Amino acid sequence: MAYFLKKSNLKKGTYLQIYESFYEPKRKGTAHKSYKALGYVNELQEKGIDDPIAFYKEEVAELNKQLFEERQKNSVKQISDETPEKLLGYFPLKSINDGLGVKKYIDLMQTAVDFRFNVFDMMSALVYSRAVYPCSKSKTYDEVIPKLFDNYDFSLSQMYSGLEYIGSEYEKVIEIYNYQISQKYKFDTSHSYFDCTNFYFEIDKEDDLRRKGPSKECRKEPIVGMGLLLDANLIPIGMKIYPGNESEKPVMRSVIDNLKQRNNISGRTVQVADKGLNCAANIIHALKAGDGYVFSKSVKMLPETEKTWVLLNNDYRSVKNSSGDVLYRIKECIDDFPYDIVDVNGKKKTVLLREKRVVTYNPQLAQKQVFEIKRQVEKARGLRASEAKRSEYGDCAKYVSFVTADKKGSQTNGKIKVVMNEKKINEALKLAGYNLIVTSEINMSASEIYEIYHNLWRIEEAFKIMKSQLDARPVYLQKQDTITGHFLICYLTVLLERLLQFKILKNEYSSEDIFRFIKNFKAAQLSERKYINLSRDFSFIRSFAKLTDLPLTSYFLTVGQIKKMLNHRF
């Protein structure tokens, strides 16, 4: 490309124009076009330019000089305050999110507030950013959202306002998603999985939401609780945020009742939960609602007659793997079992409930638990020998007894004496490896009950994804609704990933493989319309490229190919 002065001899005189020459790919040669019209020589002279041709030749020379300097500058690439890198791995989540048709309902919901930005677009940008590179909200706005291939138009203050808004309406947002998912993919609520976790905040002062309570990570800071409900296919269908000092057990009833009401679930649901949520109130509540339950129960807390039944070797059958090794042993019984409840008048009474109980013995679990018991016992013996304080025993205090005794060993009201509790130690060793499941489903086989219960690890995996892959804690937000909005973003990210994993990929790939792709599939811009693929090759990306018929493994990518990815529909 270069500039030159064109002189055209016309009837009115010599007409001057500055032209530029450039390469025309279709003609495979040089072409010209007008860059700037100057005028007739005589008219330019009348305007005070004595020699217009010489004057504009100097201007052309200056343009060519600037062009040469620009070419020289571009011949050696310089660093820029804008990275050429673009994050593309979020496109499967975008495909599912756009395909659900949620936007029109969020847009209608937004008409109740006076926002000058689109809430759905803001929410989507935060979900995709959380998946590809989880970090603080301010860093997300400054460094992650600009790297997404799609452009999003909202300010930092608008982002915080939007986050606070969706936090205040988080149950409504989940209801919209649930309705659209039920239209396209269908939920299976024949049984549902429920569990709770909590997230700590690096603050000292408590407020209405962030309260000190029993932390899952043994933290002393204030925490916020989260209850999560999954359907039979392990797709999230509900979330409840509650103060960290509240008990988990009533939360289960609240979430399930709320979701049934919001989503018009009238059929019978079998509620599946860990022993931490197993209480008479939850069991009675499930039965009154016409539901069933599958809970685990602590073997150590059983009455002596039930412990005896657990430890009896008769009626157990072994479940083996293909190599003939015993995976676990299992047996079952059906009987009427007593539960203490409080009636409508506040009086305690005992009721008998017909239940099936399934007990399993896992040799590998037994080995692990015996090792841990012996480790704690040895720790207790060491603390006893060093005359440690009672507060120093921690978990191993359950294997010792604290009694008052004089020098002769007689009990007094004076000095505390620590005695190893051999009875508790022996009982713990005997019960190692045993697990008990209680259920209302007396017609369901023991194997089916076992399989249903052990799918609870999927809900634990969902929490793990939030805490590790999505870095949901600690949270540096302050307002209650903004904090809830943050957890909603994490929930929606897990929801979209789960739909991809279970509905699109038919559970053939792990969440680790999926998030590895989401985080690492990126490209760098070479020119206005060409990019290079920066992702590393591995089995998932090859299989996913074949499934989607997209050039995910190509080294060079065009803008058109990238837009095709972002507009892909499963």
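Predicted model only: the values in this text are computed from it and were never measured.
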Inset, instruction - Look at the side chain of Thr350 and the backbone N and O of Pro338, then say whether any donor-acceptor pair between them is shorter than 3.5 Å. - result: no
Legend entry - Derivation and outcome, side chain to side chain donor-acceptor pair (under 3.5 Å), residues Asp274 and Tyr453: CA-CA 8 Å; Asp274 207 347; Tyr453 175 76; 3.0 Å; yes
Legend entry - From Lys467, Glu248, Glu460, residue fulfilling side-chain hydrogen bond (donor to acceptor under 3.5 Å, both in side chains) relative to Thr197: Lys467
Inset, instruction - Could you tell me whether the side chain of Thr269 and the main chain of Thr189 form a donor-acceptor pair under 3.5 Å? - result: yes
Inset, instruction - Answer with yes or no after comparing the ring centroid distance for Tyr531 and Phe149 against a 6.0 Å cut-off, counting only values under it. - result: yes
Inset, instruction - Take atom NZ of Lys546 as the centre, draw a 6.0 Å sphere, and report whether it contains more than 12 heavy atoms from other residues, nucleotides or ligands. - result: no
Inset, instruction - Inspect the surroundings of CG in Asn245 and state if more than 12 heavy atoms from other residues, nucleotides or ligands are less than 6.0 Å away. - result: yes
Inset, instruction - Examine the side chains of Ser157 and Ser155 and answer whether a donor and an acceptor come within less than 3.5 Å of each other. - result: yes
Inset, instruction - Any chance you could lay out the side chain to side chain contact (heavy atoms under 4.5 Å, CB included) test for Asp207 and Gln480, step after step, and finish with the verdict? - result: CA-CA 9 Å; Asp207 55 29; Gln480 180 170 326; 5.8 Å; no
Inset, instruction - With the side chain counted from C-beta on, respond yes when Ser445 and Glu332 share a heavy-atom pair under 4.5 Å apart, and no when they do not. - result: no
Legend entry - Test item: Asn282 side-chain N/O and Lys249 main-chain N/O as donor-acceptor pair under 3.5 Å: yes
Inset, instruction - Can you establish whether the number of heavy atoms outside Lys86 located under 6.0 Å from its atom NZ is more than 12? - result: yes
Legend entry - Derivation and outcome, ring pair (Phe, Tyr, Trp, His ring centres under 6.0 Å), residues Tyr491 and Tyr170: CA-CA 10 Å; Tyr491 171 88; Tyr170 81 96; 8.8 Å; no
Inset, instruction - Using a 4.5 Å cut-off on heavy atoms from C-beta on, say whether the side chain of Tyr128 contacts that of Leu93. - result: yes
Legend entry - Note: Glu461-Arg498 ion pair, threshold 4.0 Å (strictly below): yes
Inset, instruction - Run the numbers on Asp150 and Tyr90 for side chain to side chain donor-acceptor pair (under 3.5 Å), then give the verdict. - result: CA-CA 11 Å; Asp150 293 289; Tyr90 66 94; 2.7 Å; yes
Inset, instruction - Flag the pair Asp336 and Arg354 as a salt bridge only when some basic side-chain nitrogen lies within less than 4.0 angstrom of an acidic carboxylate oxygen. - result: yes
Inset, instruction - Answer yes or no: does atom CZ of Arg529 have more than 12 heavy-atom neighbours from other residues, nucleotides or ligands under 6.0 Å? - result: no
Inset, instruction - Could you check if a side-chain atom of Arg211 sits within less than 4.5 angstrom of a side-chain atom of Pro222, using non-hydrogen atoms only? - result: no
Inset, instruction - Assess whether atom NZ of Lys103 is packed by more than 12 heavy atoms of other residues, nucleotides or ligands within 6.0 Å. - result: yes
Legend entry - Between Tyr293 and Glu355: side-chain donor-acceptor atoms closer than 3.5 Å: yes
Inset, instruction - Output yes when a side-chain donor or acceptor of Asn520 lies under 3.5 Å from a complementary backbone atom of Arg516, and no otherwise. - result: yes
Inset, instruction - Hey, could you give me the CD1/OG distance between Ile532 and Ser527, rounded to the nearest 0.5 Å? - result: 11.0 Å
Legend entry - Which atom of Gly292 lies closest to which atom of Arg268, heavy atoms considered: CA-NH2, 3.5 Å
Inset, instruction - Check step by step if side chain to side chain contact (heavy atoms under 4.5 Å, CB included) holds for Phe463 and Met226. - result: CA-CA 9 Å; Phe463 288 137; Met226 174 192 285; 4.0 Å; yes
Legend entry - Check against side chain to side chain contact (heavy atoms under 4.5 Å, CB included), Lys94 and Leu496: CA-CA 9 Å; Lys94 181 180 186 297; Leu496 295 176; over 6 Å; no
Legend entry - Closest heavy-atom pair and its distance - Ala232, Ser190: CB-OG, 4.0 Å
Legend entry - Test side chain to side chain contact (heavy atoms under 4.5 Å, CB included) applied to Leu552 and Phe540, step by step: CA-CA 11 Å; Leu552 307 182; Phe540 175 83; over 6 Å; no
Inset, instruction - Answer whether the closest heavy-atom distance between the side chains of Leu492 and Leu488 falls below 4.5 Å. - result: yes
Inset, instruction - Keeping the roles fixed (side chain from Ser296, backbone from Ile437), state whether a donor-acceptor pair exists under 3.5 Å. - result: no
Inset, instruction - Could you grab the distance from atom CG of Leu499 to atom OG of Ser95, nearest 0.5 Å is fine? - result: 11.0 Å
Inset, instruction - Might you point out which heavy atoms bring Leu148 and Val132 nearest each other, and give the distance in Å? - result: CD2-CG2, 4.3 Å
Legend entry - Evaluation steps, salt bridge (charged side-chain N to carboxylate O under 4.0 Å, His left out), between Lys356 and Glu441: CA-CA 7 Å; Lys356 174 176 280 192; Glu441 308 309 287; over 6 Å; no
Legend entry - Side-chain donor/acceptor of Arg130 to backbone N/O of Cys490, under 3.5 Å: no
Inset, instruction - Indicate the ring-plane relationship of Phe517 and Phe91, choosing parallel, tilted or perpendicular according to the 30° and 60° boundaries. - result: perpendicular
Inset, instruction - Decide if the gap between the ring center of Phe544 and the ring center of Tyr509 is smaller than 6.0 angstrom. - result: no
Legend entry - Whether Asp188 side chain and Asp231 backbone form a donor-acceptor pair below 3.5 Å: no
Legend entry - OH/Tyr179: more than 12 non-hydrogen atoms of other groups inside 6.0 Å: no
Legend entry - Side chains of Phe120 and Asp98 in contact at under 4.5 Å (non-hydrogen atoms): yes
Legend entry - Heavy-atom neighbours of Arg569 CZ exceed 12 at 6.0 Å: yes
Inset, instruction - Taking the side chain as every heavy atom from C-beta outward, state whether Val294 and His191 have any pair of such atoms under 4.5 Å apart. - result: no
Inset, instruction - Determine, for Tyr193 and Arg458, whether the Lys NZ or Arg CZ falls below 6.0 Å from the six-membered ring centre while staying within 45 degrees of the axis. - result: no
Legend entry - Side chains of Tyr185 and Asn233, donor plus acceptor under 3.5 Å: no
Legend entry - Over 12 foreign heavy atoms within 6.0 Å of OH, Tyr133: no
Inset, instruction - Go through the steps for Asp537 and Arg542 under the test salt bridge (charged side-chain N to carboxylate O under 4.0 Å, His left out), then give the verdict. - result: CA-CA 7 Å; Asp537 181 41; Arg542 292 194 299 271; 2.9 Å; yes
Legend entry - Flag, side chain of Asn567 to backbone of Lys563, donor-acceptor distance under 3.5 Å: yes
Legend entry - Side chain to side chain, His285 and Asp257, heavy atoms closer than 4.5 Å: yes
Legend entry - N/O donor-acceptor pair under 3.5 Å between Ser554 side chain and Leu557 backbone: no
Inset, instruction - Look at the aromatic rings of Phe201 and Phe487 and report parallel, tilted or perpendicular, splitting at 30° and 60°. - result: perpendicular
Inset, instruction - With Lys530 as the cation and Phe556 as the aromatic partner, state whether NZ or CZ is under 6.0 Å from the six-membered ring centre and within 45° of the axis. - result: yes
Inset, instruction - Determine yes or no for a side-chain-to-main-chain donor-acceptor pair under 3.5 angstrom, with Gln180 supplying the side chain and Val102 the backbone. - result: no
Inset, instruction - Identify the residue among Val224, Val255, Val251 that makes a side-chain contact (heavy atoms from CB on, under 4.5 Å) with Tyr242. - result: Val251
Inset, instruction - Measure the shortest side-chain to side-chain distance between Gln469 and Thr493 over non-hydrogen atoms and say whether it is less than 4.5 angstrom. - result: no
Inset, instruction - Decide whether a cation-pi geometry holds between Arg357 and Phe337; the criteria are a distance under 6.0 Å from NZ or CZ to the six-membered ring centre and an angle within 45° of the ring axis. - result: yes
